[in-house]
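Just so you know, these numbers come straight off a predicted model, no measurement behind them.
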Amino acid sequence: MSKRDYYEVLGLQKGAAADEIKKAYRSKAKELHPDRNADNPKAEDQFKEANEAYEVLKDADKKAAYDRYGHAAFEGGMGGGGRPGGFGGGQGQGDFASAFSDVFDDLFGDFMGGQRGGGRQRASRGADLRYNLRVTLEDAYAGMQKTIQVPTSVQCGSCSGSGAEGGAEPTTCPTCSGMGKVRATQGFFTVERTCPTCSGLGQTIKNPCKECSGAGRVQKERALSVNIPKGVETGTRIRLAGEGEAGLRGGPPGDLYIFIEVAQHELFEREGVHLHCRVPVSMTVAALGGNIEVPTIDGGRSRVAIPGGSQSGRQMRLRSKGMPALRGAGQGDMFIELAVETPVNLTSKQKDLLREFEELSEDNNPESKSFFKSVKGFWDSMKG
């Protein structure tokens with residue numbers, strides 16, 4: 001059975017450039033890999049065919065010979081006449097693995113955490129940290145400067161973060177040659193894993209620092225001053241750059257993220273920048289009208305005029321008495337909801353006066369009069 005044209009195998013036009021060849025091979029390798037085609041018995045042969053084509057076309061000399069002579073350039077006994085005879089016949093298992101290895105990092109590097117061509121960094125960035133901070137509604141209104149204690153990893157003072165005793169420089173790992181990873185080839189499979197000697201760092205330390213055991217950092221509680229701006233609410237996130245965990249072996253530190261939780265208030269209920277407050281008023285003030293004083297979030301008091309005839313549930317607005325807008329201009333409002341109180345523990349005289357008042361105020365309760373009239377009509381219809 002004759003071999004297919006290598007360009008055709010990779011879906012390319014003859015004479016394609018090196019970057020086009022590599023891109024086409026990557027696509028074919030993903031499409032035809034046996035692990036992704038367990039139900040296709042032809043996938044393995046097609047996968048090998050694509051690798052054989054790439055092994056030839058990726059090499060400038062082999063590609064030039066193939067472009068001129070086709071498959072005959074790699075068949076035995078072709079010396080003389082200017083024709084190439086030194087490329088050998090067919091592609092062995094080693095060449096197959098080499099072809100796949102060339103694009104292994106591109107195909108799977110994101111999953112393995114590898115770095116193509118340049119090895120691994122000597123130091124790694126520290127982790128980001130989260131700190132939950134609970135504040136009062138008054139603190140959220142006024143803003144504040146607060147000192148917090150954060151348990152974290154800081155750079156080791158004895159070795160200055162290098163991890164080596166006396167600040168000596170680490171040496172290149174002999175197992176992975178500083179790559180931080182090792183690769184094993186079995187057939188057409190290439191498996192990459194973290195170097196067991198250096199744990200992926202690419203370097204080893206002959207004499208680890210006694211204080212940090214070679215990590216370059218130690219555990220410590222740090223005191224940090226945090227500016228809480230006006231108007232924060234539950235879920236607000238404050239980022240402190242470089243205040244997270246120290247990097248491994250002198251690497252840059254991570255960031256600290258402070259998540260704000262505003263505690264519930266006994267008087268005020270928050271809704272965005274607005275505040276709501278339920279205010280009790282006496283029956284006589286609700287009926288006759290009058291002035292009351294209500295507390296505000298800034299610690300002061302505001303005088304509110306209650307119109308005569310006010311009912312429970314009536315809302316009144318106090319402008320600009322709410323919460324300040326976070327990172328913006330303006331301030332919310334405060335809404336008070338009236339709760340008319342029914343008097344309790346009445347004396348005999350008070351009860352008599354209320355009964356007299358009820359007799360005199362039948363026409364002053366239109367809703368009540370209408371309701372009981374409807375009830376009477378309902379019962380009369382039921383009896384009929």
Practice item. Begin from the C-alpha positions of Tyr257 and Tyr131 and carry the test ring pair (Phe, Tyr, Trp, His ring centres under 6.0 Å) through to its verdict. Key: CA-CA 6 Å; Tyr257 291 90; Tyr131 186 94; over 10 Å; no
[X] side chain to [Y] backbone, donor-acceptor under 3.5 Å:
| X | Y | value |
| --- | --- | --- |
| Ser312 | Val340 | yes |
| Lys14 | Asp67 | yes |
| His274 | Met334 | no |
| Glu20 | Ala17 | yes |
| Arg270 | Gly272 | yes |
| Glu221 | Gln149 | no |
| Asp333 | Gly322 | no |
| Asp255 | Gly244 | no |

Is it true that [X] and [Y] make a salt bridge, defined as a side-chain N closer than 4.0 Å to a carboxylate O?
| X | Y | answer |
| --- | --- | --- |
| Lys3 | Glu52 | yes |
| Glu44 | Lys48 | yes |
| Asp352 | Lys349 | no |
| Glu337 | Arg314 | no |
| Asp128 | Arg239 | no |
| Asp59 | Lys63 | no |
| Asp298 | Arg301 | no |

Exercise for review: Verify the cluster assignment for Val150 and Val135: are they in a single hydrophobic cluster under the rule of side-chain heavy atoms below 4.5 Å apart?
Suggested key: yes
[X] versus [Y]: any side-chain heavy-atom pair under 4.5 Å?
| X | Y | answer |
| --- | --- | --- |
| Thr147 | Val226 | no |
| Pro253 | Glu243 | no |
| Leu256 | Arg130 | no |
| Leu326 | Glu233 | no |
| Asn291 | Ile306 | no |
| Lys28 | Glu31 | yes |
| Arg278 | Glu269 | no |
| Lys321 | Leu275 | no |

Review point. Is there a side chain to side chain contact (heavy atoms under 4.5 Å, CB included) between Glu49 and Leu32 once you walk through the steps?
Key: CA-CA 10 Å; Glu49 184 182 37; Leu32 300 173; over 6 Å; no
Practice item. With salt bridge (charged side-chain N to carboxylate O under 4.0 Å, His left out) as the test, would you mind laying out the steps for Glu165 and Lys206 before giving the verdict? Key: CA-CA 9 Å; Glu165 187 68 28; Lys206 292 183 178 180; over 6 Å; no
Exercise for review: For side chain to side chain contact (heavy atoms under 4.5 Å, CB included), just list the numbers for Val154 and Lys220, CA-CA rounded to whole Å, side-chain angles, deciding distance to a tenth of an Å, and then say yes or no.
Suggested key: CA-CA 7 Å; Val154 298; Lys220 186 179 180 181; 3.8 Å; yes
[X] and [Y]: side-chain donor and acceptor closer than 3.5 Å?
| X | Y | answer |
| --- | --- | --- |
| Ser153 | Gln219 | yes |
| Glu271 | His276 | yes |
| Arg134 | Asn132 | no |
| Ser225 | Gln145 | yes |

Review point. Taking it one step at a time, do Ile148 and Ile258 satisfy side chain to side chain contact (heavy atoms under 4.5 Å, CB included)?
Key: CA-CA 10 Å; Ile148 60 175; Ile258 299 175; 3.9 Å; yes
Review point. Checking side chain to side chain donor-acceptor pair (under 3.5 Å) for the pair Asp61/Tyr66: CA distance, chi angles, key distance, verdict?
Key: CA-CA 9 Å; Asp61 292 334; Tyr66 181 77; over 6 Å; no
Practice item. Could you give me the CA-CA distance, side-chain angles and deciding distance for Ile260 and Thr234, then say whether side chain to side chain contact (heavy atoms under 4.5 Å, CB included) is met? Key: CA-CA 5 Å; Ile260 301 296; Thr234 297; over 6 Å; no
Review point. Looking only at heavy atoms, which two atoms of Val232 and Val262 are closest? And how far apart?
Key: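 So the minimum-distance heavy-atom pair works out to O-CG2, 3.8 Å.
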Practice item. Determine the minimum heavy-atom distance between Phe268 and Cys277, stating which atoms define it. Key: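 Heavy-atom minimum between the residues: CD2-CB, 3.9 Å.
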Check your understanding: Rounded to the nearest 0.5 Å, how far apart are CZ of Phe259 and CG of Leu133?
Key -> 12.0 Å
**Study point:** From Asn345 atom CG to Gln350 atom CD, the distance as rounded to the nearest 0.5 Å
**Key:**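 Separation between the atoms: 9.5 Å.
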Check your understanding: Picking from Leu267, Val304, Val294, what satisfies side-chain contact (heavy atoms from CB on, under 4.5 Å) with Val279?
Key -> Val294
